[in-house]
Amino acid sequence: MKWLGILGLVALSECLVTIPLTRVKSMRQNLREKNKLKDYLESHPYNVAYRSNDSDLDTGVQSVPMRNFLDVIYFGNISIGMPPQDFKVVFDTGSTDLWVPSIYCYSPACASHNVFDPHQSSTCRISKQAIHLEYGSGDMTGFLAYDTVRIGGLTVLGQAFGLSLQESGTFMKYAVFDGILGLAYPSLGIRRTIPVFDNLWIQNLIPQELFAFYLSRKEKEGSVVMFGGVNHSYYSGDLNWVPVTRPLYWEISMDNISMNGEVIACDGGCQAIIDTGTSLLIGPSHAVLDIQKIIGANRTRNGEYQISCNASNTLPDIVFTINGIDYPVPASAYIQQDVQGTCFSSFDKTRGSMFFPDLWILGDVFLRLYFTVFDRANDRIGLAPAV
Ligand SMILES: *[C@@H]1O[C@H](CO)[C@@H](O)[C@H](O)[C@H]1NC(C)=O
Ligand SMILES: *[C@@H]1O[C@H](CO)[C@@H](O)[C@H](O)[C@H]1NC(C)=O
Ligand SMILES: *[C@@H]1O[C@H](CO)[C@@H](O)[C@H](O)[C@H]1NC(C)=O
Ligand SMILES: *[C@@H]1O[C@H](CO)[C@@H](O)[C@H](O)[C@H]1NC(C)=O
Ligand SMILES: *[C@@H]1O[C@H](CO)[C@@H](O)[C@H](O)[C@H]1NC(C)=O
Ligand SMILES: *[C@@H]1O[C@H](CO)[C@@H](O)[C@H](O)[C@H]1NC(C)=O
């Protein structure tokens, strides 16, 4: 499956000057999956988030199940208001704000998604603060509100969030989720609002100031975002800790990218962000073109990079070295087969509109292989092979 890489999300209101990364899906891809989506939106068995009651380190872990949609995106349930109104959101480490559609939105995207009704919530407070979020293939106009937000067993009071009035473009129209819950640093979010994770900590709802992701491979079930602690049963060995180099995105330094012991990209080091809301491995365009050439992926008319499916059995690992530790990504992970059986490279180049064109973005392709802890207390990321 193929996403359109990363596009800048620009907040334009007088009070907003942030450029969180988010990604939108190409229209072509959306149409390709459109028929599947209807079925998909019908009900599925529900895994109730549980309150853990185990041993020392795991104590207080709050796990929220996520659904893997075709290895393209992972999302889970939250509710907002009293009584609760339910939404599916992407838990996105590449942006900071929370927003969902509202009943005042008449855009096609809002007709096919859950919408929030502030008048049906006794605890909702609406602000006059307008927000306008621009995406590459559409935009969201709305306003800020405050209400109770429930995530698994956690209840955050007075959480600031965006309500959409207008969602143009097609990117949200066929999206399998209603909104986005950002988990990047506060400096990337709407100014003067406290992001969800900061409120979890400030309101004393979690014992440790960290969260972690386990992204299952292929299976719809089994993916988890955990808040306040780490469940060791999702990874093997010890976590390797990497300092966050710039607390905006979850950004780290990478040593190099190699194949067969030869550096193929990021020679002498580069910066990378860990982004649960991005499907692929995104890099600067010259570097990604080199890699496509090395693995024998050819550009199609759509700008995608097609590759022989056989290559996933024959090509060597591509190794991301971070803080002196090797994180191999096998060909079976950097080559993905779509629903028609065509194989594509999982590498994609950054788009022109991206704010930091030299950044690498390690998305779900990487995170399915490596369990990841996002430690806000120590500004570091922990990585270990996922089970
Ligand atoms: C979200 O809630 C719906 C409705 O209760 C349920 O069918 C679905 O499985 C839940 N999704 C996840 C990822 O737990
Ligand atoms: C850790 O995850 C495993 C597997 O999902 C689960 O059985 C166990 O209860 C979890 N432990 C805690 C403390 O959450
Ligand atoms: C947690 O575990 C302890 C000991 O295993 C038990 O006594 C206690 O009732 C449990 N608490 C909950 C809320 O399940
Ligand atoms: C990648 O960087 C690491 C750390 O600087 C270094 O030890 C290693 O030799 C480099 N890899 C290659 C293939 O040069
Ligand atoms: C890519 O192009 C080369 C040269 O034209 C060709 O030999 C190869 O079969 C193509 N690979 C794919 C996957 O189309
Ligand atoms: C892929 O492998 C199969 C069996 O090994 C072979 O029959 C087929 O020709 C190969 N296809 C390509 C494009 O190399």
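Throughout, numbering of the chain's residues begins at 1 and tracks the sequence.
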Single-linkage hydrophobic cluster L210~I202, side-chain heavy atoms < 4.5 angstrom:
no
Specify the closest pair of heavy atoms between T321 and M254, including all atoms of both residues, with the distance to one decimal.
O-CG, 3.4 Å
Going by heavy atoms in the side chains, are N323 and P243 under 4.5 Å from each other?
yes
Is the backbone N or O of G142 less than 3.5 Å from a side-chain atom of S164, with the two atoms forming a donor-acceptor pair by type?
no
Are F347 and Y305 near enough that their ring centres are under 6.0 Å apart?
no
E219 CD: over 12 foreign heavy atoms closer than 6.0 Å:
yes
Might you work through the side chain to side chain donor-acceptor pair (under 3.5 Å) test for N298 and Q306, ending with a clear yes or no?
CA-CA 5 Å; N298 292 344; Q306 206 171 324; over 6 Å; no
Would you say Y334 and I294 are hydrophobically clustered, going by side-chain heavy atoms of ILVMFWY under 4.5 Å?
yes
Mind checking whether F91 and F227 have parallel, tilted or perpendicular rings, split at 30° and 60°?
perpendicular
Any donor-acceptor N/O pair, Q62 side chain to M226 backbone, under 3.5 Å
no
Do side-chain atoms of T141 reach the backbone of L165 as a donor and acceptor pair under 3.5 angstrom?
no
Is the shortest side-chain heavy-atom distance between I252 and I322 below 4.5 Å?
yes
Salt bridge present between D198 and R376 (N-O < 4.0 angstrom)
yes
Examine distances only and state if a side-chain atom of D326 and a backbone atom of P328 form a donor-acceptor pair shorter than 3.5 Å.
no
I103-V89 co-clustered via ILVMFWY side chain contacts under 4.5 Å:
yes
Y146 and S127: CA distance, side-chain angles, deciding distance, side-chain contact (heavy atoms from CB on, under 4.5 Å) verdict
CA-CA 8 Å; Y146 298 81; S127 89; 4.1 Å; yes
Between CE of M82 and SG of C124, what distance do you get to the nearest 0.5 Å?
12.5 Å
Would you confirm whether D338, through its side chain, and Q340, through its main-chain N or O, come within 3.5 Å as a donor-acceptor pair?
yes
Has the side chain of D86 got a donor or acceptor atom that lies under 3.5 Å from a matching backbone atom of S79?
no
Output, in order, the C-alpha distance, side-chain angles, deciding distance and verdict of side chain to side chain donor-acceptor pair (under 3.5 Å) for S233 and N231.
CA-CA 6 Å; S233 57; N231 182 337; 2.6 Å; yes
Specify the closest pair of heavy atoms between G162 and I131, including all atoms of both residues, with the distance to one decimal.
CA-CD1, 3.7 Å
What class does the angle between the rings of F366 and F320 fall in, given that below 30° is parallel, 30 to 60° is tilted and above 60° is perpendicular?
perpendicular
Hey, what do you get for CE (M66) to OH (Y214), rounding to the nearest 0.5 Å?
10.5 Å
Can you tell me how far apart CZ (R150) and CG (N77) are? Round to the nearest 0.5 Å.
13.5 Å
Between S345 and I307, which heavy-atom pair has the shortest distance, and what is it?
N-CG2, 3.9 Å
CD1/I274 to CZ/F213 distance, rounded to the nearest 0.5 angstrom?
12.0 Å
When you look at S279 and D364, which way does the side chain to side chain donor-acceptor pair (under 3.5 Å) test go after all the steps?
CA-CA 5 Å; S279 312; D364 300 340; 4.8 Å; no
On a heavy-atom basis, which atom in M259 and which in P316 lie closest, and how many Å separate them?
CG-CG, 3.6 Å
Worked verdict on D147 versus S121 for side chain to side chain donor-acceptor pair (under 3.5 Å)
CA-CA 8 Å; D147 207 338; S121 171; 2.6 Å; yes
hydrophobic_cluster_shared for V149 and L157, side chain cutoff 4.5 Å
no
How close do A333 and V365 get, heavy atom to heavy atom, and via which atoms?
O-CG1, 3.5 Å
For a 4.5 angstrom cut-off between non-hydrogen side-chain atoms, does L215 reach N68?
no
Side-chain contact test, heavy atoms from C-beta onward, threshold under 4.5 Å: evaluate it for T155 versus T148 and give yes or no.
yes
Can you find a pair of side-chain heavy atoms, one from I381 and one from V244, that are under 4.5 Å apart?
yes
Taking everything shown except N313 itself, do over 12 heavy atoms lie less than 6.0 Å from its CG?
yes
Once you round to the nearest 0.5 Å, how far does CG of D71 lie from CZ of R217?
10.5 Å
Main-chain N/O of E304 paired with T300 side-chain donor or acceptor, under 3.5 Å
yes
Tell me whether L280 is reachable from I264 by hopping between hydrophobic residues (I, L, V, M, F, W, Y) whose side-chain heavy atoms are closer than 4.5 Å.
yes
Would you please classify the geometry between the F143 ring and the Y104 ring as parallel, tilted or perpendicular, with 30° and 60° separating the classes?
tilted
Under the criterion side-chain contact (heavy atoms from CB on, under 4.5 Å), I'd like the reasoning laid out for Q85 against N114: C-alpha separation, chi angles, the key distance, then a yes or no.
CA-CA 9 Å; Q85 301 177 35; N114 287 353; over 6 Å; no
Taking it one step at a time, do Y327 and Y370 satisfy ring-ring contact (aromatic ring centres under 6.0 Å, His included)?
CA-CA 8 Å; Y327 297 91; Y370 299 101; 5.1 Å; yes
Out of curiosity, W360 CH2 to C270 SG, how far, rounded to the nearest 0.5 Å?
7.0 Å
Ring centres under 6.0 angstrom apart (F87, F177):
no
Can you find a heavy atom in the side chain of V176 that is under 4.5 Å from one in the side chain of F75?
yes
Could you tell me if the side chain of I257 sits less than 4.5 Å from the side chain of I318, heavy atoms only?
yes
So which heavy atom on D238 is nearest to which on A384, and how close?
O-CB, 3.6 Å
In terms of relative ring orientation, are F371 and Y234 parallel, tilted or perpendicular, with 30° and 60° separating the classes?
parallel
Would the number of heavy atoms belonging to other residues, nucleotides or ligands and lying under 6.0 Å from CD of Q166 be above 12?
no
Between S236 and V387 (side chain of the first, backbone of the second, donor and acceptor by atom type, cut-off under 3.5 Å), is there such a pair?
no
Under 3.5 Å, is there a donor-acceptor pair between the side chain of D178 and the main chain of K88?
yes
Apply side-chain contact (heavy atoms from CB on, under 4.5 Å) to residues V100 and I80 and explain how you reach the verdict.
CA-CA 10 Å; V100 296; I80 304 178; 3.9 Å; yes
Is there a donor-acceptor pair under 3.5 Å between the side chain of D275 and the backbone N or O of G277?
yes
Run V329 and D317 through side-chain contact (heavy atoms from CB on, under 4.5 Å) and show every step you take.
CA-CA 5 Å; V329 174; D317 294 354; over 6 Å; no
Using the rule given for ring-ring contact (aromatic ring centres under 6.0 Å, His included), can you reason through W250 versus F211, listing the C-alpha separation, both sets of side-chain angles and the distance that settles it, and then say yes or no?
CA-CA 12 Å; W250 286 94; F211 56 92; 5.8 Å; yes
With the side chain counted from C-beta on, respond yes when D375 and W241 share a heavy-atom pair under 4.5 Å apart, and no when they do not.
yes
